[in-house]
Chemist: 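First the structure, which I've put down as structure tokens, then a few questions once you've had a look.
Not measured: the values here are computed from a predicted model.
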Amino acid sequence: MGNLLGSWRFKEPSTVEECDSTWGSDSESDEPAAEDDSGISDSISPAESERAAGDSSPQLTGSPESVPKMKRSFYAARDLYKYRHSYPNYRKSRQPNEYRNLRFYLNKIPLVPDGIYIEEILTKWRGDYDKLEHNHTYIQWLFPLREQGLNFYAHELTQDEIKEFQSTREAKRRFLAAYSIMLDFYGIKLLDKSGSVARAPNWQERFQHLNESQHNYLRITRILKSLGELGYEAFKAPLVRLFLEESLYHNTIPNMQHSVLEYFVYTIRLPATRRRLLRYARQHYRPAHAFLWGPPPKRRGGGGGGGSVGAGSSGIRAPAPTPEPQRRGEESSPPASRGIIVSSHDAMMCQEMIGAGLKGSTGLGSSMTGLEGALMMAGARGEINDYSEIFPL
């Protein structure tokens, strides 16, 4: 039986709808919007209602049918599906488990390539916004994941290391301190041990920077993922809720709207919590008819009819596993081109930095060395779209 089970593997979904289980069989009439199942209130104050009624946000002209339709990114949906499902096709490394991420957080080894220890970051980097903005190697060490980032000297987390990390008080204390430093960089303060957050005293200056420095949205996606990996899943919703309020309601970080809805919300593993956040977002999204992340329309005629499923909905099970012989055939097929595969999250970061013309590369120092620098130059020569995952060499 063990060999039989071992000959199957989970086949990844091939559409956005298969990646997104947020709504399931949910529909507008199935679950009242007032019901709060995530500890996050969706209630609208009179002031908010008045604002919504007289909203002066830019509106698209013409009827909904005349406006070009946007659609969600499959690459983003698939990346976050794999994360939420703990990387279903994850293969345990054949290399010895060195626990390098844990040892870094225990201050036993420095991050590579910069040679900086965690205690130096925690004691000297808070408030050094230029360093936090322009250094691109520390983020993979501070917030490790079970996927490769742009710093190829950083090591991926392993399941055994995650368990050890979560049981090590010193590492967890430093991890939360690192999280607090990054929140301060973004103009946010951590209020308590439950993950509640609020604007920091310098929020106006930092939000303006965050609205303009969009590669930080990719860092935030990584931070949210890492929180979930290392035992702080409950910290995600308060931060995502704050970003929804600031980007959609207060309009202090308008450039972040798409990233919050397409990425940040979908790092949260509990569908009920995602639903609460998306209901709040839909109340304030403009134009309302362009909101892509809501529930599917209620199916009519009952049963297993062929009712349509709206954008951002699910209710579709992922495909069955692929038999081992077929999988081996697929994996042995020659690739169309040589390349380095990274997550779509880091592919977007690479593109954003390339889009700046690499004009800041001379000031990055050791932040752009070795394979990372080679990847950047190779990517600059290839064609990279918003959600590329393979960078041609």
Chemist: With the side chain counted from C-beta on, respond yes when Val197 and Lys189 share a heavy-atom pair under 4.5 Å apart, and no when they do not.
Modeler: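 No, their side chains stay 4.5 Å or more apart.
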Chemist: Determine, for Phe291 and Arg286, whether the Lys NZ or Arg CZ falls below 6.0 Å from the six-membered ring centre while staying within 45 degrees of the axis.
Modeler: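 No cation-pi geometry.
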Chemist: Taking Ile139 as the starting point, is it possible to reach Val112 by hopping between hydrophobic residues whose side chains are less than 4.5 Å apart?
Modeler: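 Yes, Val112 and Ile139 fall within the same hydrophobic cluster.
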Chemist: Counting distance only, does the side-chain N/O of Thr123 pair as donor-acceptor with the main-chain N or O of Glu119 below 3.5 Å?
Modeler: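 Judged by distance alone, yes, a pair lies under 3.5 Å.
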Chemist: For the residue pair Asp114 and Thr137, confirm or rule out a side-chain donor-acceptor distance under 3.5 Å.
Modeler: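 Side chains of Asp114 and Thr137: pair found under 3.5 Å.
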Chemist: Can you give me the closest heavy-atom contact between Phe104 and Ile109, atom names plus distance?
Modeler: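 Looks like CD1-O, 3.4 Å.
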Chemist: If you take all heavy atoms of Pro238 and Ser196, which pair is closest and at what distance?
Modeler: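 So the minimum-distance heavy-atom pair works out to CB-CA, 4.2 Å.
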Chemist: CG/Leu278 to CG/Leu261 distance, rounded to the nearest 0.5 angstrom?
Modeler: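 Answer rounded to 0.5 Å: 6.5 Å.
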Chemist: Please name the pair of heavy atoms, one in Ile181 and one in Ile121, separated by the smallest distance, quoted to 0.1 Å.
Modeler: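 It is CD1-O, 3.7 Å.
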Chemist: Can you tell me how far the CD atom of Gln159 sits from the CD atom of Glu229, to the nearest 0.5 Å?
Modeler: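 One finds 9.0 Å between CD of Gln159 and CD of Glu229.
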Chemist: Side chains of Ile220 and Phe243, heavy atoms from C-beta outward: is any pair under 4.5 Å?
Modeler: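 A side-chain contact under 4.5 Å exists here.
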Chemist: Do Glu170 and Asn107 pair up side chain to side chain, a donor and an acceptor below 3.5 Å, judged on atom types alone?
Modeler: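 Distance-only check fails for Glu170 and Asn107.
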Chemist: Leu227 vs Glu233, test: side chain to side chain contact (heavy atoms under 4.5 Å, CB included). Steps then yes/no.
Modeler: CA-CA 6 Å; Leu227 285 169; Glu233 179 72 22; over 6 Å; no
Chemist: Do Tyr263 and Tyr217 have ring centroids that are under 6.0 Å from one another?
Modeler: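 No - the distance between ring centres of Tyr217 and Tyr263 does not fall below the 6.0 Å cut-off.
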Chemist: Same hydrophobic cluster for Phe235 and Leu242, using side-chain heavy-atom links shorter than 4.5 Å among ILVMFWY?
Modeler: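 Yes, Phe235 connects to Leu242 through the hydrophobic network.
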Chemist: Does a side-chain heavy-atom distance below 4.5 Å link Cys19 with Thr15?
Modeler: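 No, their side chains stay 4.5 Å or more apart.
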Chemist: Evaluate the salt bridge (Lys or Arg N to Asp or Glu O under 4.0 Å) criterion for residues Arg78 and Glu18: first the C-alpha distance (whole Å), next the side-chain angles of each, then the deciding distance (0.1 Å), finally the verdict.
Modeler: CA-CA 9 Å; Arg78 183 178 64 178; Glu18 291 176 357; over 6 Å; no
Chemist: Which heavy atom of Leu157 sits nearest to which heavy atom of Pro144, and what is that distance?
Modeler: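 The pair with the smallest heavy-atom distance is CD1-O, 3.3 Å.
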Chemist: Would you compute the distance between atom OG of Ser226 and atom CZ of Arg146 and round it to the nearest 0.5 angstrom?
Modeler: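 Going from OG on Ser226 over to CZ on Arg146, the span is 11.0 Å.
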Chemist: Does a donor on one side chain sit under 3.5 Å from an acceptor on the other, for Asn101 and Glu161?
Modeler: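 Glu161 and Asn101 do have a side-chain donor-acceptor pair below 3.5 Å.
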Chemist: Would you say that Leu142 contacts Tyr179 through its side chain, given a criterion of any heavy-atom pair below 4.5 Å between the two side chains?
Modeler: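 A side-chain contact under 4.5 Å is absent here.
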Chemist: Looking at Leu277 and Val240, what are the two nearest heavy atoms and their distance?
Modeler: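 It is CD1-CG1, 3.9 Å.
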Chemist: Donor-acceptor check, side chain of Arg100 to backbone of Ala154, threshold 3.5 angstrom: yes or no?
Modeler: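 Pair absent, no side-chain N/O of Arg100 close to backbone of Ala154.
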Chemist: Tell me whether the rings of Phe165 and Tyr105 are parallel (<30°), tilted (30 to 60°) or perpendicular (>60°).
Modeler: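 Geometry flag for Tyr105 against Phe165: perpendicular rings.
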Chemist: Is it the case that the side chain of Asp79 and the backbone of Phe74 share a donor-acceptor pair, with hydrogens and angles ignored and the cut-off at 3.5 Å?
Modeler: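 Looks like no, no N/O pair under 3.5 Å.
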Chemist: Any sub-3.5 Å donor-acceptor pair from Ser167's side-chain atoms to Glu164's backbone N or O?
Modeler: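 Indeed, once roles are kept as given, a pair shorter than 3.5 Å links the two residues.
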Chemist: Step by step, work out the side chain to side chain contact (heavy atoms under 4.5 Å, CB included) result for Asn211 and Met256.
Modeler: CA-CA 7 Å; Asn211 192 54; Met256 184 185 277; 5.7 Å; no
Chemist: Tell me whether the NZ or CZ atom of Arg219 lies within the 45° cone about the ring axis of Phe185 and under 6.0 Å from its centre.
Modeler: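 The answer is no, since Arg219 fails at least one limit relative to Phe185.
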Chemist: Centre-to-centre under 6.0 Å for Phe143 and Phe175, is that the case here?
Modeler: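 For Phe143 and Phe175, the ring centres are under 6.0 Å apart.
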Chemist: For Ser73 and Glu262, which I'm curious about, is there any donor-acceptor pair between the side chains at under 3.5 Å?
Modeler: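 No, because no side-chain N or O of Ser73 sits under 3.5 Å from a partner of the opposite role on Glu262.
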Chemist: Using a 4.5 Å cut-off on heavy atoms from C-beta on, say whether the side chain of Ile116 contacts that of Pro110.
Modeler: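 Heavy-atom side-chain distance check fails, nothing below 4.5 Å.
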Chemist: Starting at CG of Leu106, measure out to OH of Tyr99 and round the result to the nearest 0.5 Å.
Modeler: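 Output value for this atom pair is 12.0 Å.
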Chemist: On a heavy-atom basis, which atom in Arg84 and which in Ile268 lie closest, and how many Å separate them?
Modeler: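 Heavy atoms of Arg84 and Ile268 come nearest at CD-O, 3.3 Å.
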Chemist: So, Tyr138 versus Trp125, ring centres under 6.0 angstrom or not?
Modeler: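 Here the rings of Trp125 and Tyr138 have centres that are less than 6.0 Å from each other.
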Chemist: Tell me whether Leu239 is reachable from Leu145 by hopping between hydrophobic residues (I, L, V, M, F, W, Y) whose side-chain heavy atoms are closer than 4.5 Å.
Modeler: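 In one cluster with Leu145: Leu239, no.
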Chemist: List the steps, then state whether side chain to side chain contact (heavy atoms under 4.5 Å, CB included) holds for Trp23 with Arg274.
Modeler: CA-CA 9 Å; Trp23 300 99; Arg274 296 200 300 273; over 6 Å; no
Chemist: Checking Arg206 against Tyr129: charged group under 6.0 Å from the ring centre and within 45 degrees of the axis?
Modeler: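 Yes, cation above the ring, under 6.0 Å and within 45°.
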Chemist: Does the side chain of Glu246 come under 3.5 Å of the side chain of Thr252 through a donor N or O and an acceptor N or O?
Modeler: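 Present: a donor and an acceptor within the cut-off.
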Chemist: Are side-chain N/O atoms of Tyr87 and Glu147 paired as donor and acceptor at under 3.5 Å?
Modeler: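 The criterion, which ignores hydrogens and geometry beyond distance, is satisfied for Glu147 and Tyr87.
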Chemist: Answer whether the closest heavy-atom distance between the side chains of Tyr232 and Lys172 falls below 4.5 Å.
Modeler: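 Side-chain contact under 4.5 Å: yes.
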Chemist: Do the non-hydrogen side-chain atoms of Trp293 and Arg72 ever get within less than 4.5 Å of each other?
Modeler: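 Yes; the side chains approach each other to less than 4.5 Å.
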Chemist: Tell me, please, whether Tyr280 has Arg241 positioned over its six-membered ring: NZ or CZ under 6.0 Å from the ring centre and within 45 degrees of its axis?
Modeler: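 Yes, Arg241 lies over the aromatic ring of Tyr280.
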Chemist: Any chance the side chains of His215 and Glu133 put a donor and an acceptor closer than 3.5 Å?
Modeler: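 Yes.
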Chemist: Kindly compute the distance separating CD (Glu212) from CG (Asn255), expressed to the nearest 0.5 Å.
Modeler: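 Nearest 0.5 Å value for the CD-CG distance: 8.5 Å.
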Chemist: How many angstroms lie between atom CZ of Arg269 and atom NZ of Lys225, to the nearest 0.5 angstrom?
Modeler: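 These two atoms lie 10.0 Å from each other.
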Chemist: Using only heavy-atom distances, determine whether the side chains of Thr158 and Asp160 contain a donor-acceptor pair under 3.5 Å.
Modeler: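 Short answer, no.
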Chemist: Test side chain to side chain contact (heavy atoms under 4.5 Å, CB included) on Lys108 and Leu102 and set out the steps.
Modeler: CA-CA 9 Å; Lys108 294 182 178 179; Leu102 177 59; over 6 Å; no
Chemist: Going by heavy atoms in the side chains, are Pro13 and Lys82 under 4.5 Å from each other?
Modeler: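 Answer no - side chains too far apart.
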Chemist: Same hydrophobic cluster for Trp203 and Ile188, using side-chain heavy-atom links shorter than 4.5 Å among ILVMFWY?
Modeler: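 Yes.
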